[in-house]
Every structure is written in structure tokens, then in C-alpha cells.
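This report concerns only the one structure given below.
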There are 2 protein chains.
Amino acid sequence: MTHPSPDFSAGAAYVRGEYLPIAQASIPLTDWGFLRSDATYDVVTVWDGAFFRLDAHLDRFLNSCRRFRLDPGKTRDEITRILERCVSLAGLKRSYVEMIVTRGQPPWGSRDPRQAVNQFHAFAVPFVWIANEEQRERGLHLLVSDVQRISAASVDPTAKNYHWNDLTMGLLGALDAGADSVVLTDAQRNVVEGPGFNVFALSQGVLVTPRDGVLEGISRRTVIEIAQSLGIPVELRALPAAELRSAQEAFLSSSGGGVLPVTRVDGKPVGEGVPGPVTRRLLETYWAWHGRPAYSTPVRY
Amino acid sequence: MTHPSPDFSAGAAYVRGEYLPIAQASIPLTDWGFLRSDATYDVVTVWDGAFFRLDAHLDRFLNSCRRFRLDPGKTRDEITRILERCVSLAGLKRSYVEMIVTRGQPPWGSRDPRQAVNQFHAFAVPFVWIANEEQRERGLHLLVSDVQRISAASVDPTAKNYHWNDLTMGLLGALDAGADSVVLTDAQRNVVEGPGFNVFALSQGVLVTPRDGVLEGISRRTVIEIAQSLGIPVELRALPAAELRSAQEAFLSSSGGGVLPVTRVDGKPVGEGVPGPVTRRLLETYWAWHGRPAYSTPVRY
């Protein structure tokens, strides 16, 4: 009797040293990665058979690990090979690829995180868009939430983490109100970030994106580089919610879709209420840059 | 050939409708309870064969569920029976019993939390003390951290959640400095809470515990009730870090040990540097109250 070979078509995961179909992948209920959200992660995408800016994602992941004192227990090359194997097992040309370290669990009775054996996990699934096709076409309708993003005085936003309750509660409020997604603010009512994305506003001809209290997105960085290469002035500074509402154009940046036009904020049109010309130019260039050899690491299937 | 019966001696869990030994219990890697820490929980203890204040814990758990819009999919009675079965399978007379709801996962491609099927999980393990015997005897050495507790403007602290990165990073700093545990502050440098406990200070004859920005602990409530019954004045108000440092006595309250004396704060002795008389009286009464029929639900083993 032979075992049927596992079906990786919905995605492949690496957990506890094994490759498994995504639906079979799990973490122990008692891992502090779950019971204390004591974990860090990063997401890199594969587009048309190549990782996009893998080096930048690995740099940030290893920085996040250091910040939270989590040890992946793998070298950079080992991590790369595991991610590649997940993608190739699933046979995905376009994929959303996540790498994770959890605290694990200290010996029974100990509450000292330093005594835990940290655990590395990874998975590759079909590419995830943070907005559907219709939303990408017409532009997203965004709500500015009253929920404040967790402050940098509490959790370092530059180290990627799963502390999303504020984003989730804000998102639920936005969806209830008929919007597509949400952006949170800080205590001064400056816009910071939303669930899985950074925010940009074109304001008096200048592209503005929040400087503080945000994840330093790789897509955000790519957009900034593109704008600079196109001669569009960029400012990293506080972005008051009122300035976003009265922007000429607005968009989100995310690994889950690149440049995503925003055409309504709090129910009112942004500019003409359609994706603007600067947004469209950045969007096209974002995808064109996926062909740049320096940013592209072909997957060996 | 017969299967050996499962060994529940290290603890028993209820996951996906099944009872499993704790070491085999897991949650799917893709459950948003993990990937977004989109979950709530509560912990009730069993002491000498009976749940302590089970009703209060169930009330708080169901409130937390409502607050985060998570549906346990079980009635209060069903939850009680599952918790009881976990404890009795593990044969534990003294147990730490956790009930959890996770968001689950929405259909593939959706990012709408409302479309997810929430999941109920539970487990019972041997009683967990948040301080070891030596620490409980001599009193805990506590550090007041510079890390700020996540603000109530971001995450509702009265709905129990796994957003512990601030507590974990603060704890790591305290352990590195040679302390036993940590207490975090708010933006005004008022003491709020630590990893798994509330804080009390006896200040000019009055028992003070922070009113805002904290989990409303059931042990905290029990201590307040005991103090009132003993005629000790209690104030729920802001507790400046400086006032904790100069307190006559200090202690923690937690399901993981009841009343835990604190004898040093930031390296300096509290009062005489030994567990004080008011603390000792509250501690003794805390355990004596475990015999109260109104607070006690015997486990049917």
C-alpha cells in the first residue's frame, strides 16, 4: 500500500522541520507565539516566478528578530531555501510567502522567555490581494478610524508583529460603515497605517507618507524610490487626517497589491474621485520594476 | 491490536471538537487568532478539586467575546462542561484552565473578519504559579519599566487579549536587571499592570490599585472584596510609580498565585523589605475564601 502524495496545491508550509500542505500546518496551542503573540514575521511575494526584493525582506525580518530577541535558528541562506521550497512544492508562480519566528515555550513552570526554544515556521500560498479587482479598478473607499494605532512607546512598529487588535476593530467599524478598509491614527490624529498597508497622499504636488509610528514597508520604500526616480517630490512627515481628506490623490502601498488607489476617504471623493495620474504612473512603474534584476530572485522550481 | 489510551497527565485540551493530550493540541497556522492575534481568552483555576469563581470568569470571558465580536459558538453550560472535562481527563485537583476563542479564517481571498468561522479551544494543565516558592516566601523584586502598556485608546484592556509584546519586552529588561518581574506604566508614569497580574500598594494606610488601563482581574476584585470585609480602606485611582516605590507594603494579585508579596521595587526595599502584615492577612484570607460555597464549583471527576 502506498501513501498518496500530499496535495500542496493550496499552499505549502514548513513547520517543526517538515513540509506539509497548508491545511495541515499548525502550531502548538501552548507556543507563546500564540498565547502571548510573542512572534515576529515578514511577508515576501513571488511574482511571475521570482521573489521581489527578497534581500530587503530578509534584512527586515532578521532586524525584527533581533529587536524582539527571537532567534530563527536558521541562517539567511537556510531561510531562503525553505521559502523557495515552499513556493516550489506549491508550484506557485505568484505567491504570498510568510516567514515566522515564535517564542516557543520555556520549560514547564518557568515564565522566563529567555529559556524558551524559539521556532521557525514558513508558508507559501497563492498571491493575496488586499483589495479585490473591482476595488482596485475604482479605487478603495477608506475610513479614518477613531481607534488609535498601538503607540511606538508600547510596541516597536518597525519590527513586524501580530498585534492587530486595533487594526481589526478599526476594520470592523469601517466595513460596517460600508467602506473597503480603514486607516488608524495616532494620539494627535495623524494618519499612520492600516491593516497590511502604508498610506500616501499627494498634497500640493508633494507625495507625503507618515514618517513615524508605522511599519517601514518594503512596498512603501519601493514607491519612494520610484517617486524619486520620476522626479516627484516626497516628504516623510506627519500626515494629519484632514490633509488626507483634502489630498489631490491618495493610495496605499502593500506587498499585497503594490500601489492601490484610494478614491474616497470618510465617504467623500479624493480629488476627482477616480485614480489620479500620479497614482497610475507609480502603479505602472511598481509592476515594471518587478523586472529589475537587482530586485528579482528567480525561484528554482 | 489496541491503541494505548492517550496520556493526559501533563494536561488535556479541547480543540476542533476533540479532547487531546496537551502536547498534541495545536491551532492552524493560518488561524487569525495566531496571524493577527485576533482572539480572546480567560483563565480560571481549580484548587483542591473546585473551580474558584467560575461564574465571574465566564461573565468576563463572554464580555470579552462581545467586545471583540468573537463568537464561542457554545453556551455558558457547554463551556463549563468542556472545561470540567479537560480538568477531569487530566485528573488535576489544582489546575490552570484556559478558554479561548480565535477568529478562525475567512474564505480564501476575503479579508473580512465577519466572514470567519470563530473557533473555541480550551485546556487544563497543572496549576501555574507566576512566582516560584522562594519568590513567594521572600517577596518579589519588581522593576518599573520604561515600556508603556498598550493604551486603552488602542486595545481595550478590560477584554482579555494576547497583546503582550510590551509586557514581554518589559519582562526581558527586568530579568536582565536581576528583578523577578516587571510592571508597566502609562504615558503619565502611573503604574498599570504586569505580565499576568494587577498591582496593589498600601499607601498611608490605604490600599491603592490602578483604576484605568488595566485588566479587571477577578483576583483583584477578590482582594478588594476581602479588604472591604476586613475594614481596610481601598482606593481605585492612578498609582504613580513614585508612590509604589515609597509604599508601606506592595503586592500583586493574579489567578496564578492569589496575593503575591512584593518586597523590592527598582532595587529598593518596600517598607521593611519583608512581606507586610496587611499583605499577609489578605493572602491568608484569599486562600480561606476558596472554601466559600458561593465562589466554589466542585469538579465532577
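Chain identifiers are assigned alphabetically (A, B, ...) following the order of the sequence lines, protein sequences preceding nucleic acid strands; residue numbering begins at 1 within each chain.
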Proximity breakdown for A:Asn161 and chain B, heavy-atom pairs closer than 4.5 Å
neither

Counting only heavy atoms closer than 4.5 Å, note whether A:Thr102 contacts chain B via side chain, backbone, both or neither.
side chain

Chain B contact via A:Asp176 - which portion, at a heavy-atom distance below 4.5 Å:
both

Please classify the contact between A:Ala153 and chain B as side chain, backbone, both or neither, with a heavy-atom cut-off of under 4.5 Å.
both

State, yes or no, whether a side-chain contact exists between A:Leu175 and B:Pro113 at a heavy-atom distance under 4.5 Å.
yes

Side chain, backbone, both or neither: which part of A:Arg36 has a heavy atom under 4.5 Å from chain B?
both

Chain B heavy atoms under 4.5 Å from A:Gln24: which part of the residue, side chain, backbone, both or neither?
neither

Checking heavy atoms, do the side chain of A:Trp32, its backbone, both or neither come under 4.5 Å from chain B?
neither

Engaged part of A:Leu172 at the chain B interface, taking heavy atoms whose separation is under 4.5 Å:
both

pair A:Ile100-B:Leu35: side-chain heavy atoms closer than 4.5 Å:
yes

For B:His163, the ring pair (Phe, Tyr, Trp, His ring centres under 6.0 Å) test, sequence neighbours excluded, returns A:His163

Contact part of A:Arg67 toward chain B, heavy-atom cut-off under 4.5 Å: side chain, backbone, both or neither?
both

Whatever's closer than 4.5 Å to a heavy atom in chain B on A:Tyr41 counts as neither

Side chain from CB out, backbone as N, CA, C, O: work out which of these in A:Leu184 comes under 4.5 Å of a heavy atom of chain B, or both, or neither.
neither

Looking at every non-hydrogen atom in both residues, tell me the closest pair between A:Ser154 and B:Ser151 and how far apart they are.
OG-N, 4.5 Å

Given that the side chain runs from C-beta out, which part of A:Val155 has a heavy atom under 4.5 Å from chain B: side chain, backbone, both or neither?
both

Among residues 132-141 of chain B, residues within the sub-4.5 Å heavy-atom range of chain A, in order of number, are none

